[in-house]
Structures are given as structure tokens and as C-alpha cells.
Visitor: 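If you scroll down you'll find the structure; I have some questions about it.
Residue numbers begin at 1 in each chain, while the letters A, B, ... track the order of the sequences.
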2 protein chains.
Amino acid sequence: MNAQTNTVSSVEKALDVIELLRESGTARLSTVARDLDLSKSTAHRHLKTLEQRGYVVDTDDGYALSLQFLDLGEFTRTRNPAYQLAMEKVDELARRTDERAQFMVEEHGRAVYVYRKTGNHAVKADSFPGKRVPVHASAAGLAILSKLPDSRVEAILAQHGLEALTSKTITDRDELFAELECIRERGYSINDQGTIEGLRAVGAAVTDADGTVIGGLSISGPINRMRGERFEEEFPSLLLGATNELELNIAYQ
Amino acid sequence: MNAQTNTVSSVEKALDVIELLRESGTARLSTVARDLDLSKSTAHRHLKTLEQRGYVVDTDDGYALSLQFLDLGEFTRTRNPAYQLAMEKVDELARRTDERAQFMVEEHGRAVYVYRKTGNHAVKADSFPGKRVPVHASAAGLAILSKLPDSRVEAILAQHGLEALTSKTITDRDELFAELECIRERGYSINDQGTIEGLRAVGAAVTDADGTVIGGLSISGPINRMRGERFEEEFPSLLLGATNELELNIAYQ
DNA sequence: ATTCAAAGTTCCGTATAACGGGACGAATAG
DNA sequence: CTATTCGTCCCGTTATACGGAACTTTGAAT
């Protein structure tokens with residue numbers, strides 16, 4: 001099929017099935033076959049393989065992904081002890097600010113939500129653990145970028161470009177590098193409605209003892225509460241304090 | 001390879017790789033090849049396929065599962081709106097009892113933790129979302145079994161048997177069926193140290209409007225706090241009340 | 001610095017097993 | 001009761017997944 005790439009195409013088909021089920025929630029054999037352009041027998045064989053191994057369940061409404069993925073997902077975020085410490089800090093930040101706090105990690109050139117906690121003034125959010133957003137359009141992502149070697153930043157840009165999510169998203173290459181420089185000087189990042197209109201955030205990168213980036217913490221909230229002294233002084237210093245403590249915890253755990 | 005079963009063996013290999021990474025946390029190409037008895041080129045092709053699709057990351061310490069699984073895992077537990085309602089009830093139960101509460105679901109003949117919340121008197125637990133335990137050795141699992149058709153129970157027994165986790169685990173077939181009958185009469189299940197020595201729990205099944213089992217709620221705690229009036233009256237009635245409300249919420253949401 | 005060993009990547013010919021088509025059986029609807 | 005759709009199974013063909021080997025890179029040791 002794809003002679004160029006040196007991959008296992010049956011595995012790709014299986015992943016296509018998984019992703020289809022991820023999108024549809026539930027799907028019948030014939031639907032899977034049609035949507036993925038496979039013969040019924042092939043779709044059947046793939047679904048049964050995944051089912052036998054416990055990754056798919058066959059319900060009355062069709063096939064669906066099983067909770068096996070919950071185990072794998074939970075594993076990916078507890079594997080790294082630094083993530084667990086970061087999660088505790090997120091709780092603390094959310095409690096102290098009453099806004100939303102989150103910990104994100106860069107993976108495959110995108111920023112992934114690892115953990116998120118909303119304070120009492122909860123803002124309905126469309127983010128959830130595992131969700132991926134462009135690095136250049138999130139406070140944590142920008143903070144992470146600012147501590148990555150330039151070559152890495154270039155590679156990410158080449159792969160994903162600078163998609164605009166709102167009219168305020170950074171879409172210019174030079175502007176991005178200027179902003180990263182700014183973040184390095186300031187020590188923290190600002191995302192002013194770059195992800196969602198009306199939402200502002202401050203972020204800071206978390207590094208280990210060698211200076212390698214682990215992820216980024218951020219605090220976000222609606223523009224009417226994210227301004228003035230709170231936004232310019234209180235939150236940044238809270239965030240930097242939390243990041244600092246976290247880095248110490250990680251280094252000397 | 002396995003001519004009997006009608007499965008896709010390349011996909012099985014890929015799943016082997018995923019499961020190896022789940023166990024090892026991180027593994028190098030040569031390790032993967034050796035452990036799974038694959039040639040280096042095959043292991044390489046599989047790892048790169050998974051990496052290209054975003055399911056694996058190539059770090060300094062070797063390959064590891066990516067946070068893509070966090071997205072899939074989170075999806076499996078939010079897909080079903082009933083699960084979300086159940087999670088809210090778990091929070092309520094944990095708060096009101098100050099013990100640990102959980103919601104579990106039966107899948108592939110095993111009981112899976114979907115969500116768990118520990119009250120203030122937190123007991124360190126080895127359970128986590130996605131973890132699978134034998135149905136016959138958990139309060140929620142037993143409650144679920146009691147509402148499944150006998151044929152289904154038989155099938156589960158045939159597949160998994162009655163493994164003993166402690167000296168108190170039900171290991172006798174007849175004893176299990178007697179216990180299930182008992183649960184039906186009582187309306188809730190009791191797990192007296194069947195999972196872990198010193199841990200007791202009460203559980204109840206959650207069904208939808210047609211009587212189809214959705215999952216099970218349970219409250220668990222150390223034996224010194226799970227006894228007397230609390231264990232025999234208060235918790236069961238709290239649990240049954242919560243289950244009842246939950247079923248109404250699910251039916252008329 | 002230089003050498004050596006181990007790990008990782010790429011290429012290629014061969015044998016296998018993944019594929020689609022079709023036949024059969026089951027379930028649902030008209 | 002018939003017709004249609006859906007799911008399962010089987011089989012011959014061919015694409016492709018495989019292992020071996022050559023090559024490159026990494027990094028450890030001297």
C-alpha cells in the first residue's frame with residue numbers, strides 16, 4: 001500500500017479502527033468496513049483481534065473501545081514521578097487562585113494536558129486529560145518552547161506550522177521567537193486569548209536538575225478576572241513560586 | 001503463526017510491544033526485540049509505526065507509551081453519560097462516609113475500576129482507574145454478577161475461574177451462587193476481606209431502565225471502621241439510596 | 001584521539017499471512 | 001413468510017511482513 005514508509009500497514013489499519021471508534025464512540029462491523037474502505041472480512045478480523053486482546057468490547061450498539069485504555073492512560077501519567085508531584089502543585093494553584101490550573105507536557109510537537117484542576121470559580125472547559133493543543137497557542141506550551149533548544153523549536157514549527165485558533169494567536173515566526181525571548185527574560189509566559197477568545201493565562205516551564213524541560217504549569221481564567229495586579233503580579237509570582245518548589249521536589253525527591 | 005485463531009498477527013505483535021512498554025515503562029529497541037523474540041528490523045518497524053502514529057515516544061531512555069493513551073482512556077470513561085453521573089455519586093459517597101467509594105464496570109469478565117474517590121480517612125490503595133480485579137473478589141463485582149443472567153455468570157466462571165486473593169476469597173462455585181442469591185435478597189453485596197486482608201466493602205449494582213447492568217458502586221474501608229451499625233445499617237442504606245438516585249438520574253437524564 | 005563493541009537503521013529476497021470475494025447463517029424488517 | 005441486511009467463515013491469490021545482512025551511529029574504553 002504505502003511502499004515509501006517503512007511501517008506495518010496492518011498495524012496502521014488496526015490504529016485506524018481504534019481511531020474510528022474513538023470518534024464514533026461505537027460502530028458496527030459494516031460501518032467500520034465502509035468507513036475505512038476495508039472488506040468485511042478484514043474489518044472483522046481486526047475487530048476480533050482487538051477484542052480478544054481486551055482492547056475492544058462488542059456491545060449491543062456495536063464495537064467500542066474498552067476500559068483497557070483507561071489503564072494505559074493512567075499509566076502514562078503516573079509513570080513519571082515528576083508528573084505526580086506536578087499534579088499536586090496544580091491542585092494547590094487551583095485552590096489558591098480559585099481559577100483553573102493545569103500541567104502540560106510537550107509530545108510530538110504538541111502540548112498535552114496531563115492534569116487540570118478548576119478552582120471554585122470553575123470555567124466550563126473543553127479541555128480534558130490527553131487533549132492536545134498547539135504549543136504556540138497555550139501558556140504552558142509557550143513556556144516549554146522558551147526552554148527548548150532552537151533546533152527543536154524549528155523542528156516543531158516545520159512539522160506543525162503556526163495555526164491560528166483565534167485572531168490573537170501568534171502566527172508569525174519572528175513574532176514567536178521575539179515572544180520566546182521575552183518569556184526567557186520575564187521568567188513566565190502569557191497567553192492572551194491565543195487559544196480561546198476571552199481567556200487569558202500565565203505559564204511557566206518546569207525543568208529537571210539538568211535543565212531538561214519536563215513540562216509546564218499554567219493558570220488560566222476569563223479576561224475579566226485575569227487583569228490588573230492579580231494578573232500582572234500575584235499570579236505570576238504564585239506560579240513562579242510553585243514552579244520553583246516543584247523543581248526542588250523533583251530534584252531532591 | 002497461529003493458524004487456528006483468525007486474528008491479525010502483526011497487530012498482536014504491536015499489542016505485545018504496547019504491553020511490554022506498559023510493564024517496563026521504557027524499553028530500548030534491542031530489549032524489545034529480545035524480549036518479544038523478534039528480529040531487530042521487525043521490532044524497529046513496529047516501534048516506528050506506533051511512533052509515527054503518536055502512540056509511542058522515543059526518549060533518551062528508550063521507547064515509551066505516549067500520552068495519546070491518556071486521551072483514549074479518558075474517552076472510554078466519559079463516553080457513557082451514565083459513568084459521569086456515577087462518578088458524581090462516588091464523590092458524594094466518599095464525602096458522606098469519609099471512606100473510599102468506587103464505581104466499577106464488568107468488562108471481559110473482570111471488574112474494572114472506572115473511578116474511585118477516597119474520603120478524608122484515606123486508606124492507601126493499590127487500585128487506580130483501569131485496574132482489573134476478579135469479579136468474585138470485589139463488592140461491586142459481586143453485585144454486578146448478581147444481576148447478570150446465569151448464563152453470563154457461567155461464561156465468566158469458565159473463562160476466569162475463582163482465583164483466591166486472600167484466604168477469605170470465594171473459591172467454591174456453589175458458594176458463589178449461594179452468595180449471589182443472598183445478594184439478590186439483601187439488595188446489596190458484602191465483600192469481607194475477599195480482595196485484601198483487613199478490608200471490607202459493601203456494593204450495589206447499577207442498572208438502566210431495562211434492568212441491564214451498567215456497573216456497580218461500592219464503599220470500602222478497614223475492618224476496624226467497617227463494623228457494627230455503620231457497616232450493617234448506615235452504609236448499606238446510604239449505598240442503596242445513592243444507587244436508587246443514580247438509576248433515576250440515568251433513566252430520566 | 002583512536003579503536004572497538006553495541007545499538008540502531010535500512011535494504012532486499014522469500015515465505016507467509018493478510019487480503020477480498022464469496023458462500024453461508026443469523027437476525028431484523030416488511 | 002420472504003427479503004434484506006449484517007455478521008461469520010473459508011479459501012486461493014498476492015501483497016507485505018519477516019529475518020538476515022550490510023551499513024551507520026553511538027558511546028565506552030584505552
Visitor: Any base atoms under 4.0 Å from Ser41(A), or only sugar-phosphate, or nothing? Heavy atoms, all strands.
Guide: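 Answer is base: heavy atoms of Ser41(A) come under 4.0 Å of a base.
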
Visitor: Assess the residue pair Tyr83(A) and Phe103(A) against the criterion (ring-ring contact (aromatic ring centres under 6.0 Å, His included)); give the C-alpha distance rounded to whole Å, side-chain angles, the decisive distance to 0.1 Å, and a yes or no.
Guide: CA-CA 8 Å; Tyr83(A) 290 5; Phe103(A) 176 64; 5.7 Å; yes

Visitor: Could you tell me the separation between the CG atom of Leu38(B) and the C1' atom of dA7(C), rounded to a whole number of Å?
Guide: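 Interatomic distance, CG of Leu38(B) to C1' of dA7(C): 16 Å.
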
Visitor: Quick check: are there more than 12 heavy atoms from other residues, nucleotides or ligands sitting under 6.0 Å from CG of Asp60(A)?
Guide: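 Counting neighbours around CG of Asp60(A), 12 or fewer heavy atoms of other residues, nucleotides or ligands fall under 6.0 Å, so no.
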
Visitor: How long is the line joining CG of Asn6(A) and P of dC23(D), in whole Å?
Guide: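 These atoms are roughly 18 Å apart.
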
Visitor: Does the side chain of Arg45(B) get closer than 4.0 angstrom to OP1 or OP2 of dC18(D) through an N or O atom?
Guide: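 Indeed, a polar side-chain atom of Arg45(B) lies that close.
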
Visitor: Nearest whole angstrom, please: distance from the C1' of dC19(C) to the CG of Asp16(A).
Guide: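 Atom-to-atom, Asp16(A) to dC19(C), this comes out as 15 Å.
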
Visitor: Counting only side-chain heavy atoms from C-beta out, which of dG7(D), dA17(C), dC19(C) sits nearest to His46(A)?
Guide: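 My answer, after comparing the listed nucleotides, is dC19(C).
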
Visitor: Rounded to the nearest 0.5 Å, how far does CD1 of Ile170(B) lie from CG of Leu162(B)?
Guide: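 These two atoms lie 8.0 Å from each other.
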
Visitor: Grab the CG-C1' distance between Asp37(B) and dG19(D) for me, whole Å please.
Guide: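 Distance check: Asp37(B) CG to dG19(D) C1' gives 12 Å.
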
Visitor: Rounded to the nearest angstrom, tell me the gap between atom CG in Leu36(A) and atom P in dG20(C).
Guide: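 Roughly 11 Å, once rounded to whole Å.
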
Visitor: Once you round it to whole Å, what is the distance between C1' of dT16(D) and NZ of Lys13(A)?
Guide: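 Rounding to the nearest Å, NZ of Lys13(A) and C1' of dT16(D) are 9 Å apart.
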
Visitor: Thinking salt bridges, do Lys131(B) and Glu74(A) make one under a 4.0 Å N-O criterion?
Guide: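 A salt bridge is absent here (no side-chain N lies under 4.0 Å from a carboxylate O).
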
Visitor: Nearest whole Å is fine: how far is dG8(C) P from Leu29(B) CG?
Guide: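 Computing the Leu29(B):CG to dG8(C):P distance gives 5 Å.
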
Visitor: Please state how far atom CD in Glu12(B) lies from atom P in dA17(C), giving the value in whole angstrom units.
Guide: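 These atoms are roughly 12 Å apart.
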
Visitor: Are Lys48(A) and Glu51(A) within salt-bridge range, i.e. N to O under 4.0 Å?
Guide: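 The answer is yes: the pair qualifies as a salt bridge.
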
Visitor: Does a side-chain N or O of His44(B) approach OP1 or OP2 of dT9(C) to a distance below 4.0 Å, or not?
Guide: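 Answer yes for this pair, as a side-chain N or O of His44(B) is under 4.0 Å from OP1 or OP2.
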
Visitor: For Ser10(A) and Gly62(A), take the nucleotide of DNA chain D holding the closest heavy atom to each; which residue's nucleotide lies nearer the 5' end?
Guide: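 Checking each residue's closest nucleotide, the 5'-ward one belongs to Gly62(A).
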
Visitor: Taking only the side-chain heavy atoms of Ser30(B) (C-beta and beyond), determine which of dG8(C), dC18(D), dG20(C) contains the nearest atom.
Guide: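 Taking heavy atoms from C-beta onward, the closest nucleotide is dG8(C).
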
Visitor: Using OP1 and OP2 only, check whether a side-chain N or O of Lys40(A) sits under 4.0 Å from dG22(C).
Guide: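 Looking at the OP1 and OP2 atoms of dG22(C), neither is under 4.0 Å from any side-chain N or O of Lys40(A).
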
Visitor: Could you check Val11(A) against Arg28(A) and say which one's nearest nucleotide on DNA chain D is further toward the 5' end?
Guide: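 It is Arg28(A), whose closest nucleotide lies nearer the 5' terminus.
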
